[in-house]
Colleague: 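Mind having a look at this structure? Questions to follow.
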Amino acid sequence: KNGLQTSQYPQDSTHLLRPFTLLASDDSTLCPQLEGVGTAQFYLSLSLSTMWATVLVAAMGFVSVNSATWSPLDQAKLTSIGGVFPSPDGDWSCHDEMHTSGTEGNLTASSQAVVTLLATTHPALTLSGTCVGFSPNSLILAVLNGGRLQILRRDGSQWGAPTFASPSGRTVLAARFAPNSSTIAVAVSAVTVPAPALAWTLVDDVIIDVINKEATAGGNELYLINLDGDMSFTQVPTLGSFGFGGWYISCWPQDSQFDWSADGASIVYSYTKSTLSNNWTEAGVAIVGLASGTSKVIDDTTAFQPIFHPDGLRIAYTAVDPTGYTWAQTWHICVYTIATGLSQCGMNMNSTLDQMPTLVGWHGDELLYTEQQSVSVNLYAYSMGSQGALLQWRQVPIQFPAPYTEGNGVIGGGFRATSRVSVVRTATAATSHLGFSYEQPTVSQQAFVATVTGSVVAGATAKQISSVNKETLSHTFVKPKVVSWESDDGLKVEGILFTPPGMTSAELAAAPAIVFTHCGPAMAVMATFQGYGSVCARFPLESLAEAGFVVLQPNYRGSTGYGAVFRRSDRNDWGGRDYDDVMSGAKWLISQGCADRDRVSHIGWSYGGYMSALAMGTSKTTHGIQLRSIVTGGTLTDLISHTGTTDISAIIGSWAGGYHWTSPELRSMMMDHSGIYHVENASTPTLMFHGVDDPRMPISQSFQLHYALKSRGVPVKFVAFPGSGHIPGDPNQIIVVWNDCISWLTQWN
């Protein structure tokens, strides 16, 4: 196989291939001989209710290092931070806190908008829902609650009671204040469920149609609400579906998809030409004049994230690189100049580091964005030249208070910035307020604000405004490391490693190991707070590491954070060299004396589950490792039958360059790279999870694997979740995943 060499990467991203140290460590070797550590061996009680309350002496080689081991219930009850929005006058902030409360089996998730007077950092007001932000005059606050918009007005330091303002029969998705503070634009969902029918005529998106029980998809609309008068609503005609309505694969927050001009006369927005999932590349950017209701297209080549410059003369947005492998999600920053009607896009050497920037706002002539680099997500500034020319980018250093330390971390919530960074313009052009979340692997996520001044964003000092998850401060989390190894073809691959503390070298060499493969493939393992669990289904990797499992999380080729070439290098090769990256990591782990070759297990969900299904019948032949146990969820087992049964079948054509019915060679490759066609070699005890209503990986993918394993007499347990889509969102379902995962791995190791 022809692997990528370091020299093939763009010059500005070669440094991403060096190994990183996640946190400072006293260990001079990867799996050190530790002095003064007792050799008592432990195992964990498997009673569901007491699993993590009792550590019993036995002979499984587990070492407990905490008086109270981090449990799935601890993980479930953590609070996470959503959006953070300072007021333009700098006196207030509003941030989102997502809570889960209750007891195991009776958990309830909720969101709160916390309003803080920054002079005191004490919450002044707490509301159900999530923050939209403050009006430009800082006197009005908008909050979303259950699809309805709440408006609060301030008199001095006192906030009045909320009033609801939502178009009848519509669900509000996002809102943005007009520059004059007297109007607010709202994106609303226009999807309606039709009356039951005896039969449907299905045109496209068959899976979505059947699961949603509707024959046609709806779309999103734009409304204006008059805040000064009678709170009346006016619909504004737009192209297609406003925002990313119907683009089911998108994780972008809706409020990053439209913005007001400085004079309040127009709105720039992204739109999708249709709401069909398979038309996921048909996104564009347009400007609508509010007086005329006429839209002008800026870019219709898969463009999104539009943001007006404060002068109203330029618009920044991102446009997908249309060449090659579109699903690998590579895009560039573009600047459209209204006077000329032309766009300039930063490509080639002017591209951002990972070519997946999330735009967050302007500060003067600098465009701020976040982007992943290796396992971190950082804030960057892109400087502009005359007429929108893109000159250069640089990282914006931010100082955080203790207990945060220098090193890797994640700003804004991680992948695709689901907890965005906000940039709030002030009355002074040279001053902007920032709001964001931040976390590190052993320090919980918190909300922060910062102020930047001057024409160039030189840096910022973060002020913490939340105080959640105080219980984590007294817990000793496993120290992770960022490690690297050579894959089978010589390509350097990076990942995060958890090694249980308190073990001697001999104990580590005999320890059970887990290889966790993230979903995507265009996602990554990042330096997020490990108390929250993994990316994709939030597997309890911290709990497993504390229980004595060595845990390796590879960022295989196809992952984000390492440049577009790396991300696109799995084209025509799902389950090929990316699979080698994962399994070579397991071999490297064993060679380092960090795990027992006969006690290696695999965990994965979605694309990670695809890797699990493939490894169960091939790992012994390809890499000399007979897996001890497997935990897989949302599993893809057959690339051929997946085509036409997933809601996004067009992606198959994107990564494979065609379909199996047009190419015997492609058909052969798909069979060779699909786990179902290697089941004759499978013997690994397997735990399977799947959502009954999963449109991405239809449950039939797991049905066929389960039947095949049962017919061969392989130990298998299959847990299906009614009402669940691709990943369970109900906290009572997801904690079943975590508890069953721990039980299964412990049982077979």
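Positions are given from 1 along the sequence.
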Colleague: Over 60° means perpendicular and under 30° means parallel, so tell me whether F400 and Y438 are parallel, tilted or perpendicular.
Modeller: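 Plane angle under 30°, so parallel.
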Colleague: For S534 and Q553, run side-chain hydrogen bond (donor to acceptor under 3.5 Å, both in side chains): C-alpha distance rounded to whole Å, both residues' side-chain angles, the deciding distance at 0.1 Å, then the answer.
Modeller: CA-CA 9 Å; S534 71; Q553 306 170 67; over 6 Å; no
Colleague: Here's a test for you: under side chain to side chain contact (heavy atoms under 4.5 Å, CB included), which of V600, I514, I590, L497 qualifies with V550?
Modeller: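 So the option named by the test is L497.
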Colleague: Please determine whether the number of non-hydrogen atoms from other residues, nucleotides or ligands lying under 6.0 Å from atom NZ of K587 exceeds 12.
Modeller: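 Counting neighbours around NZ of K587, 12 or fewer heavy atoms of other residues, nucleotides or ligands fall under 6.0 Å, so no.
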Colleague: Counting only N and O atoms by type, is there a donor-acceptor contact under 3.5 Å from the side chain of S559 to the main-chain atoms of Y556?
Modeller: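 Checking the backbone N and O of Y556 against the side chain of S559, a donor-acceptor pair under 3.5 Å is found.
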Colleague: For H99 and S110, run side-chain hydrogen bond (donor to acceptor under 3.5 Å, both in side chains): C-alpha distance rounded to whole Å, both residues' side-chain angles, the deciding distance at 0.1 Å, then the answer.
Modeller: CA-CA 5 Å; H99 306 279; S110 62; 5.9 Å; no
Colleague: Under 6.0 Å between ring centres, would you say that holds for F477 and H475?
Modeller: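 Distance test on ring centres: under 6.0 Å, yes.
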Colleague: Let's go through S584 and W485 carefully: what are the C-alpha distance in whole Å and the side-chain angles of both, what is the deciding distance for side-chain hydrogen bond (donor to acceptor under 3.5 Å, both in side chains) to 0.1 Å, and is it a yes or a no?
Modeller: CA-CA 8 Å; S584 64; W485 61 92; 3.3 Å; yes
Colleague: Whether the side chain of D581 engages the backbone of R557 through a donor-acceptor N/O pair (distance < 3.5 Å, no angle test) should be reported.
Modeller: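 Confirmed, D581 side chain pairs with R557 backbone.
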Colleague: I need the W331 CH2 to M356 CE distance, nearest 0.5 Å.
Modeller: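 Result: 3.5 Å between the selected atoms.
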Colleague: How are the rings of H623 and Y579 set relative to one another: parallel (under 30°), tilted (30 to 60°) or perpendicular (over 60°)?
Modeller: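 Ring orientation of H623 relative to Y579: perpendicular.
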Colleague: Could you tell me whether F689 and F539 have their ring centroids closer than 6.0 angstrom?
Modeller: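 No; F539 has its ring centre 6.0 Å or more from that of F689.
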Colleague: Is it true that a side-chain atom of D354 and a backbone atom of Y562 form a donor plus acceptor pair closer than 3.5 Å?
Modeller: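 Here the side-chain-to-backbone pair exists.
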Colleague: Do E439 and T528 get their side chains close enough for a donor-acceptor pair, meaning under 3.5 Å?
Modeller: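 The answer is no; no qualifying pair exists.
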Colleague: What class does the angle between the rings of F529 and Y532 fall in, given that below 30° is parallel, 30 to 60° is tilted and above 60° is perpendicular?
Modeller: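 Taking Y532 first and then F529, their aromatic rings stand perpendicular (interplane angle over 60°).
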Colleague: What do the steps show when you test Q464 against Y404 for side-chain hydrogen bond (donor to acceptor under 3.5 Å, both in side chains), and what is the final call?
Modeller: CA-CA 11 Å; Q464 184 173 329; Y404 298 93; 5.1 Å; no
Colleague: Checking side-chain polar atoms at under 3.5 Å, does S374 have a donor or acceptor matched by the opposite partner on E494?
Modeller: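 A pair is found: one side chain offers a donor N or O, the other an acceptor, under 3.5 Å apart.
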